[in-house]
Structures are given as C-alpha cells and as structure tokens.
Peer 1: 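Handing you this structure, nothing more for now.
Whatever order the structure lists them in is the order used to number ligands and atoms, beginning at 1. Residue numbers count from 1 along this sequence.
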Amino acid sequence: MKKIRKAIFPVAGLGTRFLPATKSMPKEMLAIIDKPIIQYAVEEAKAAGIEEFIFVTGRGKSALEDFFDYSYELNATLMRRGNKDDLEIVNQVVLDPGQVIYTRQQEPLGLGHAVWCARHLIQDEPFAVLLADDLILSKKSCLQQMIEVYEKKQGNMVAVMEVSKEETSQYGIIDPESQTGNVIKIKGMVEKPTSQKAPSQWAVIGRYILQSDIFQELENLKTGAGGEIQLTDAMSKLLKRSDFYGVEFDGRRFDCGSKQGLLAANMTCALERPDMRTAALKTMKELIEKS
Ligand code: UTP
C-alpha cells in the first residue's frame, strides 16, 4: 500500500460570495480572527503526515504564495524590535524548501478541473484533496482520521456529514450501500440533488483521498452542474471500477465559503480562545441586549 504523501489544495476559485473582499485577495486568505483558513487546512494536512503541499492557484493569488514563504523584511523588523513571539508565529507558517508546489488553473472551470491541473505533480500515487473553505475543528486531524480508515480499507475516501433534507441541494450526496461504525461503503454519488432526488442525507465535505485513476475520469469529463467540471461526476464514474468509502469524521465543520459559515467560525473560535473569550462574550451580550 502506498502512503498518502501528497495533498492538493485547490485555491483557484473566484470566491464570488465574498466580493469585493476577494477582488484582489484569495478567499482562502480570509481569516478566523488572525489565522487564514488555508493555514488551518495546511496544519490539518501536516498533522496527518503530508509531505508535499500542492496548491492549484489562479490569477490574483500571489498573497497566498507569499504567506507560506519567508518574509525577510518582516523577520528583520521583528528581530530588530526583539519581538520573539511574533517571530515565532510567522516562522511557524513557512513550509520547508521543496515541500510546496504551485501550479495554475488558467480558468476557474470547476473543482474537478482544478484537481486535474495537478495530475503531473501527483503521477501515480494516491493523494489527498483539502478544500480550505470547509474548516474542520477536531481533536484528531480530519485527514488523519481518514488516513487511518484508508490504511485498513484502501480504495477512495470522502469525508461525510449528515445534513437536513433541505440542504441536500447544496452538496454532493452519497448513495450508501452499507455502514460499519463510522465507515460507509458508497455505491453512488450525485451533485446537488433536490431533496426528492437525494439518495441519502450524507453530504460530501471537502476532504478526499483519491487514487490517481481519477485523472482518467477527469480527462474525459464534460461540464456538469453549474457549467463546471465537477469532481463528484468523476468520482461517480470511478465508483464503477473502484471502492469508495465515506468517513463520518469526528469534528465540527464550518462552511467558510459562505458568509454565515465564516461568521459562525469566527464567533466559535473567539469564544473558545482564552485570549478572546471575555471580550467576545461582552460584545455578544451587549449586542443581544441592544437588538
Ligand atoms: P467553491 O465553488 O466553493 O469556490 O469551490 P468558489 O467558486 O471560489 O466560490 P464562490 O461560489 O464563487 O463564492 C470549492 C473550492 O474549490 C476551489 C475553490 O478555490 C475552493 O477552494 N476551486 C473552485 C478551484 O480551485 N477552481 C475552480 O474552478 C473552482
């Protein structure tokens, strides 16, 4: 069995739900208080033993590349000021030389297309995909939980979470065959079905472990829902010749691709951080009293 060493971070979307903030800044640099959502995803991958970090970027994403790089001017200033704490914070972010690779998706043709853009960097290894806008707070890294299942089952994995009937039209939904504990054998997948057409209420969340065979399916794919090349469509095809499992992960997920989700993640983290809790509670109390 080949170890999962590489992870793809598709970050080439337009982030239209956050315009104008995302006009000149990648959505993945939006922060939960002081930490960009992409940093959470990279830390999750690191904790799961990922060694190569592949970012599929687009135009206007250079802030993201600079973020994971060494900043000589900032470091020199912090050092001159003797600001050791901040120096540690900025140095922690930097990925090791050769560990990080950037490739470009020239046009935002969909998540499936973004993953396909990394095919030459993956070659024939199994790999992980992490969507930073799905922020997952958990004791054990969500990707690590999936890798542990992968080590027993192999095949392909997606993270799944139960959603309400009304919400199925916002997600890829799996058609379950059987379930053992938190692992669900999948027999089908549909992108954004209506509640009447949804085969279950198990939604696919932005964490995947895929075999490189997915690239053959992506290669031949036509545009699907929303005029985009959908990863779900390629997975539905691969399902016919390869095993797929859903992993019901232990953790809290926030949809930081939506305004409400980003706000909820910020409020939650503020309440849970010792340095923020008192101030956050005070502000919330005052706002509730006034409203
Ligand atoms: P989303 O559909 O949530 O991102 O894609 P978006 O299109 O940027 O957002 P809105 O709907 O316009 O606000 C999920 C992930 O896939 C990446 C995004 O960057 C995001 O991390 N993605 C999406 C790409 O890399 N390329 C694409 O063509 C589409």
Peer 1: List the closest protein heavy-atom neighbour of atom 8 (O) of ligand 1: residue, atom name, distance to the nearest 0.1 Å.
Peer 2: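 Among all protein heavy atoms, the one nearest atom 8 (O) of ligand 1 is G15 N, 2.8 Å.
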Peer 1: Please confirm whether L111 comes within less than 3.5 Å of ligand 1 when only nitrogen or oxygen atoms on both sides are compared.
Peer 2: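 L111 vs ligand 1: no N/O contact under 3.5 Å.
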Peer 1: For D250 and S138, what are the C-alpha separation, side-chain angles and deciding distance, and is it a side chain to side chain donor-acceptor pair (under 3.5 Å)?
Peer 2: CA-CA 7 Å; D250 187 13; S138 55; over 6 Å; no
Peer 1: Heavy atoms only: which of P26, S258, G110 lies closest to atom 28 (O) of ligand 1?
Peer 2: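 Answer by nearest heavy atom: G110.
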Peer 1: Could you tell me whether ligand 1 has any atom less than 4.0 Å away from a heavy atom of Q105?
Peer 2: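 Contact present.
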Peer 1: Using a heavy-atom cut-off of under 4.0 Å, does the side chain or the backbone of T16 touch ligand 1, or both, or neither?
Peer 2: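 Both backbone and side chain of T16 come within 4.0 Å of ligand 1.
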Peer 1: Looking at atom 23 (C) of ligand 1, what's its closest protein heavy atom, distance included?
Peer 2: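 Answer, as residue, atom name and distance: G13 CA, 3.9 Å.
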Peer 1: More than 12 heavy atoms of other residues, nucleotides or ligands under 6.0 Å from CE of M267: is that the case?
Peer 2: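 Atom CE in M267 is not packed in, count stays at 12 or less.
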Peer 1: Under 3.5 Å, is there a donor-acceptor pair between the N156 and S242 side chains?
Peer 2: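 N156 vs S242: donor-acceptor pair found between side chains.
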Peer 1: Answer yes or no: is there an ion pair linking K3 with E151, defined by an N-O contact shorter than 4.0 Å?
Peer 2: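 No salt bridge links K3 with E151.
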Peer 1: Check the side chains of N91 and N75 for a donor-acceptor pair under 3.5 angstrom, ignoring hydrogens and angles.
Peer 2: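 Short answer, yes.
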Peer 1: Do E88 and K84 sit within salt-bridge range, that is, some charged N less than 4.0 Å from a carboxylate O?
Peer 2: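 The answer is no: the pair does not qualify as a salt bridge.
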Peer 1: Would you mind listing which atoms of ligand 1 come within a distance below 4.0 Å of any non-hydrogen atom of A114?
Peer 2: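 Selected atoms, number and element: 24 (C), 25 (O), 26 (N).
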Peer 1: Taking the ring of F55 and the ring of F53, is the distance between their centroids below 6.0 Å?
Peer 2: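 Between F55 and F53, which both carry aromatic rings, the centre distance is not below 6.0 Å.
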Peer 1: What atoms of ligand 1 come within less than 4.0 Å of a heavy atom belonging to D133?
Peer 2: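 Checking each atom against D133, I get 3 (O), 14 (C), 20 (C), 21 (O).
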Peer 1: Counting from 1, what ligand 1 atoms have a heavy atom of L109 closer than 4.0 Å?
Peer 2: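 Counting from 1, the qualifying ligand atoms are 28 (O).
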Peer 1: Can you tell me if A132 contacts ligand 1 (heavy atom of the residue under 4.0 Å from the ligand)?
Peer 2: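 A132 does not count as a contact of ligand 1 under the 4.0 Å cut-off.
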Peer 1: Can we say E167 and K192 salt-bridge, meaning some charged N sits less than 4.0 Å from an Asp/Glu carboxylate O?
Peer 2: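 Salt bridge: no.
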Peer 1: Against heavy atoms of P108, which atoms of ligand 1 measure under 4.0 Å?
Peer 2: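 Selected atoms, number and element: 28 (O).
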Peer 1: Regarding K35 and the six-membered ring of Y40, is the cationic atom NZ or CZ under 6.0 Å from the ring centre and inside 45° of its axis?
Peer 2: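 Judged by the rule (NZ or CZ under 6.0 Å from the ring centre, within 45° of its axis), K35 counts as positioned above Y40.
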Peer 1: Could you walk me through whether D86 and R81 pass the salt bridge (charged side-chain N to carboxylate O under 4.0 Å, His left out) check?
Peer 2: CA-CA 10 Å; D86 287 342; R81 290 182 183 170; over 6 Å; no
Peer 1: Write out the residue and atom name of the closest protein heavy atom to atom 17 (C) of ligand 1, then the distance separating them to 0.1 Å.
Peer 2: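 Protein heavy atom at minimum distance: P10 O, 3.6 Å.
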Peer 1: Quick one: nearest non-hydrogen protein atom to atom 1 (P) of ligand 1, plus distance?
Peer 2: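 Protein heavy atom with the smallest distance to atom 1 (P) of ligand 1: K27 NZ, 3.8 Å.
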Peer 1: For atom 3 (O) of ligand 1, which candidate among E28, Q230, R17, E107 provides the closest heavy atom?
Peer 2: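 Shortest heavy-atom distance from atom 3 (O) of ligand 1: R17.
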Peer 1: Taking distance alone, with no angle check, do A12 and ligand 1 share an N/O pair under 3.5 Å?
Peer 2: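 Yes, there is a polar N/O contact under 3.5 Å.
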Peer 1: If I apply the N/O under 3.5 Å rule, does L14 come out as touching ligand 1?
Peer 2: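 The answer is yes, given that L14 and ligand 1 share an N or O pair closer than 3.5 Å.
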